[in-house]
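All heavy atoms count here, side chains included; hydrogens, waters and symmetry mates do not. When a residue number appears, it is its place in the shown sequence, counting from 1. Every number for a ligand or one of its atoms is a count from 1 in the order of the listing.
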Amino acid sequence: MKIVVAGGDGFCGWPTALYLSNKGHDVTIVDNLIRRKWDQELHSNSLTPIAGIEQRIARWRELTGRSIGLYVGDLNQYDFLRTVLLQTKPDAFVHFAEQRSAPYSMIDREHAVFTQVNNVVGTLNVIYAIKEIVPDCHIIKLGTMGEYGTPNIDIEEGYIKIAHNGREDVLPYPKQPGSMYHLSKVHDSHNLMFACRVWGLRVTDLNQGVVYGLHTEETLLDPVLVNRFDYDAVFGTALNRFLIQAAIGHDLTVYGEGGQTRGFLDIRDTVRCIEIAAEHPADIGEFRVFNQFTEEFSVLELAEKVRKVALDEGLACHVSHLSNPRVEKEKHYYYAKNTKLKDLGLEPHLLSDETLRGILQTAVEHRSRVLTENVLPTVTWK
Ligand code: NAD
Ligand code: USQ
């Protein structure tokens, strides 16, 4: 298949591009490299030293003989996006290319506005460009489990059957997102659903949980192919952050009580989920939603797991309960369905001590690169 991976220089996009290329797909990356600029803005860095995108792609070609196309540009520039689609005519458009940090979106008004404009307008442009140029192309859009929030009932995959005043319907599952970033994903979902209903586009919205790990079979082939590994309080995510904190002997930063429960998945499952979605496209006019995570954990449970594995490795660390910089429930019911991807063939890599040890070892290897002033949270929701 001809597949565009928008956001293909990022944490999820880069290993996905390599994985799909390795499977024999004709892959083109589209990215404006803004994630690298946010590191500069935040005086932060990836724990792993990452090569430039041209160098990454050239190394991949040297090692495997496979070419990956590259367009450096912004999805918010409609003419640029039109050119990409006219020249590539993709069968599938995988859309990772958004500002994905909840804390970044909550820094101030400017960052909230930027996040929503970047994400919502970018996705609107994707919708219009596909409608105009390749209407049969399957949009595989990265959404988030955080669109649902933490309701006191089971979370379904996108839709819920509701009986009301003697009548019944299957309706979009209610959304109660927890940040300006998560809200941008809800807006995207609504726009995409409208485009399917009105123009007959085909879309899969992957409501992904928090991703952990960094390596895949392909990124491990050579140091130039290494994936980025975020640890700072703005872009680092829960489990990866705890592992890096353990590597540098920092207290594990559980926010508040730590009963916040989320869906999690291994990066090796992220890439496979994209392949599954591409191989089983949504029907014409269908807005299909998959919940893309494999297991649920509370953040305190994760911190305890990391503490135990770190101790086995001779790294003593403590779990610290920080005053929560976010506004969120710290103790709540959480049960989300996630059967659709498994029904289509996903065989999850479940979180084992061995997996934790592997990520921890990478963190230890690069720990001298940690800028310790970036570890504690400074952005608050209030
Ligand atoms: P990332 O920031 O590492 O990568 C995103 C990439 O998109 C970056 O390379 C960036 O330069 C690019 N980009 C952003 N805006 C762009 C634009 N307007 N035009 C072109 N390129 C643009 O993020 P990630 O962790 O790889 O996440 C990818 C997607 O998956 C996001 O949509 C995110 O919301 C979603 N997601 C991520 C996680 C996670 O734990 N990392 C979990 C659930 C969902
Ligand atoms: N948390 C801590 N300590 C930390 C970091 C986070 O206790 O050091 C807590 C947070 O308060 C929150 C939970 O862990 O309750 C998850 O936070 P996170 O930073 O790991 O993840 P989140 O902000 O939700 O965002 C990440 C990605 C985002 C994606 C989302 C999936 O950055 O792109 O959409 O995970 S989900 O959480 O399912 O919405």
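- Backbone and side-chain nitrogen or oxygen atoms of N118 are examined, and one is located within less than 3.5 angstrom of a nitrogen or oxygen of ligand 1.
- With a heavy-atom cut-off of 4.0 Å, A102 touches ligand 2 through its side chain alone.
- The shortest N or O to N or O distance between D31 and ligand 1 is under 3.5 Å.
- In terms of modelled atom types and a separation under 3.5 Å, the side chain of D91 and the main chain of H138 share no donor-acceptor contact.
- Protein heavy atom nearest atom 37 (C) of ligand 1, with residue, atom name and distance: Q208 NE2, 3.6 Å.
- With hydrogens left out, the protein atom closest to atom 37 (O) of ligand 2 is V210 CG2, 3.3 Å, a heavy atom.
- A cation-pi arrangement is found for R56 relative to W14, the charged atom lying closer than 6.0 Å to the ring centre and inside a 45° cone about the ring normal.
- Annotation for Y255: hydrophobic cluster partners, listed by chain and number, are L322, L376 (ILVMFWY side-chain heavy atoms under 4.5 Å, direct or chained).
- At a heavy-atom distance under 4.0 Å, atoms from both the backbone and the side chain of M145 approach ligand 2.
- Of all the heavy atoms of V299, the ones lying under 4.0 Å from any atom of ligand 2 belong exclusively to the side chain.
- Here is the list of ligand 2 atoms found below 4.0 Å of a heavy atom in G209: 31 (C), 38 (O).
- Under a 4.0 Å heavy-atom criterion, W14 is not in contact with ligand 1.
- For G73, the closest heavy-atom approach to ligand 1 falls below 4.0 Å.
- Residue Y255 places at least one N or O, backbone or side chain, under 3.5 Å from an N or O of ligand 2.
- Across F293, Y173, Y159, Y334, a single residue satisfies ring-ring contact (aromatic ring centres under 6.0 Å, His included) together with Y148, and that is Y173.
- Taking CG of L221 as the start and CH2 of W60 as the end, the distance is 6.0 Å to the nearest 0.5 Å.
- One N or O on the side chain of R367 and one on the backbone of A247 form a donor-acceptor pair closer than 3.5 Å.
- Residue F96 places at least one N or O, backbone or side chain, under 3.5 Å from an N or O of ligand 1.
- Annotation: atom 2 (O) of ligand 1 to nearest protein heavy atom, R35 CD, 3.2 Å.
- When the heavy atoms of R262, Q99, M106, R326 are ranked by distance to atom 22 (P) of ligand 2, first place goes to R326.
- In this comparison of R241, E257, E328, Q260, the heavy atom closest to atom 12 (C) of ligand 2 sits on E328.
- Ligand 1 has no N or O atom lying under 3.5 Å from any N or O atom of V210, backbone or side chain.
- Here's the thing with T144: none of its N/O atoms is less than 3.5 angstrom from an N/O atom of ligand 1.
- Here's the thing with C12: one of its N/O atoms is less than 3.5 angstrom from an N/O atom of ligand 1.
- Remark: S21 OG to E218 CD distance equals 8.5 Å, nearest 0.5 Å.
- Looking at heavy atoms from C-beta onward, T378 lies out of side-chain contact with P103 at the 4.5 angstrom threshold.
- Under the 6.0 Å distance and 45° angle rule, R82 does not count as a cation-pi partner of Y128.
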Enumerate donor-acceptor pairs with a distance under 3.5 Å from any side-chain N or O in residues 273-285 to protein atoms, sequence neighbours excluded.
residue: E275; atom: OE1; partner: Y19; partner atom: OH; Å: 2.7
residue: E275; atom: OE1; partner: R272; partner atom: NH1; Å: 2.8
residue: H280; atom: ND1; partner: I276; partner atom: O; Å: 2.9

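- Ligand 1 has no N or O atom lying under 3.5 Å from any N or O atom of W38, backbone or side chain.
- Remark: M180 CE is loosely packed, at most 12 non-hydrogen atoms of other residues, nucleotides or ligands lying under 6.0 Å away.
- The cluster map of Ile, Leu, Val, Met, Phe, Trp and Tyr, joined by side-chain heavy atoms under 4.5 Å apart, puts V134 and V27 in different clusters.
- Scanning the protein heavy atoms around atom 35 (C) of ligand 1, the nearest turns out to be L142 CB, 4.0 Å.
- With a 4.0 Å heavy-atom cut-off, ligand 2 is reached by the backbone of R100 and by its side chain too.
- Close N/O approach between F235 and ligand 1 is not found [any backbone or side-chain N/O within under 3.5 Å].
- Residue, atom and distance of the protein heavy atom nearest to atom 26 (C) of ligand 2 are T237 CG2, 3.7 Å.
- Considering backbone and side-chain atoms together, H182 places an N or O closer than 3.5 Å to an N or O of ligand 2.
- Residue contact annotation: G8 has no non-hydrogen atom under 4.0 Å from ligand 1.
- Considering backbone and side-chain atoms alike, V254 places every N or O at 3.5 Å or more from each N or O of ligand 2.
- The backbone of Q208, and not its side chain, has at least one atom closer than 4.0 Å to an atom of ligand 2 (non-hydrogen atoms only; backbone = N, CA, C, O).
- Residue, atom and distance of the protein heavy atom nearest to atom 31 (C) of ligand 2 are T144 OG1, 3.2 Å.
- Residue-to-ligand polar distances place A238 within reach of ligand 2: an N/O pair is separated by less than 3.5 Å.
- With a heavy-atom cut-off of 4.0 Å, V30 does not touch ligand 1 at all.
- Under the 30°/60° scheme for interplanar angles, the aromatic rings of Y71 and F80 are found to stand perpendicular.
- Residues V234 and W38 share a single hydrophobic cluster, defined by chaining ILVMFWY side chains whose heavy atoms lie under 4.5 Å apart.
- At a 4.0 Å heavy-atom cut-off, ligand 2 does not touch F293 at all.
- A donor-acceptor pair under 3.5 Å links the side-chain atoms of R369 to the main chain of S46, judged by distance alone.
- For atom 24 (P) of ligand 1, the closest non-hydrogen atom of the protein is R100 NE, 3.6 Å.
- By the criterion of a heavy-atom distance under 4.0 Å, neither the backbone nor the side chain of E147 is placed next to ligand 2.
- Contact analysis puts G143 in contact with ligand 1, with a non-hydrogen atom separation below 4.0 angstrom.
- At under 3.5 Å, a nitrogen or oxygen of K185, whether backbone or side chain, sits near a nitrogen or oxygen of ligand 1.
- Proximity of a side-chain donor or acceptor of T204 to a complementary backbone N or O of V289 within less than 3.5 Å is not detected.
- The shortest N/O to N/O separation between N32 and ligand 1 falls below 3.5 Å.
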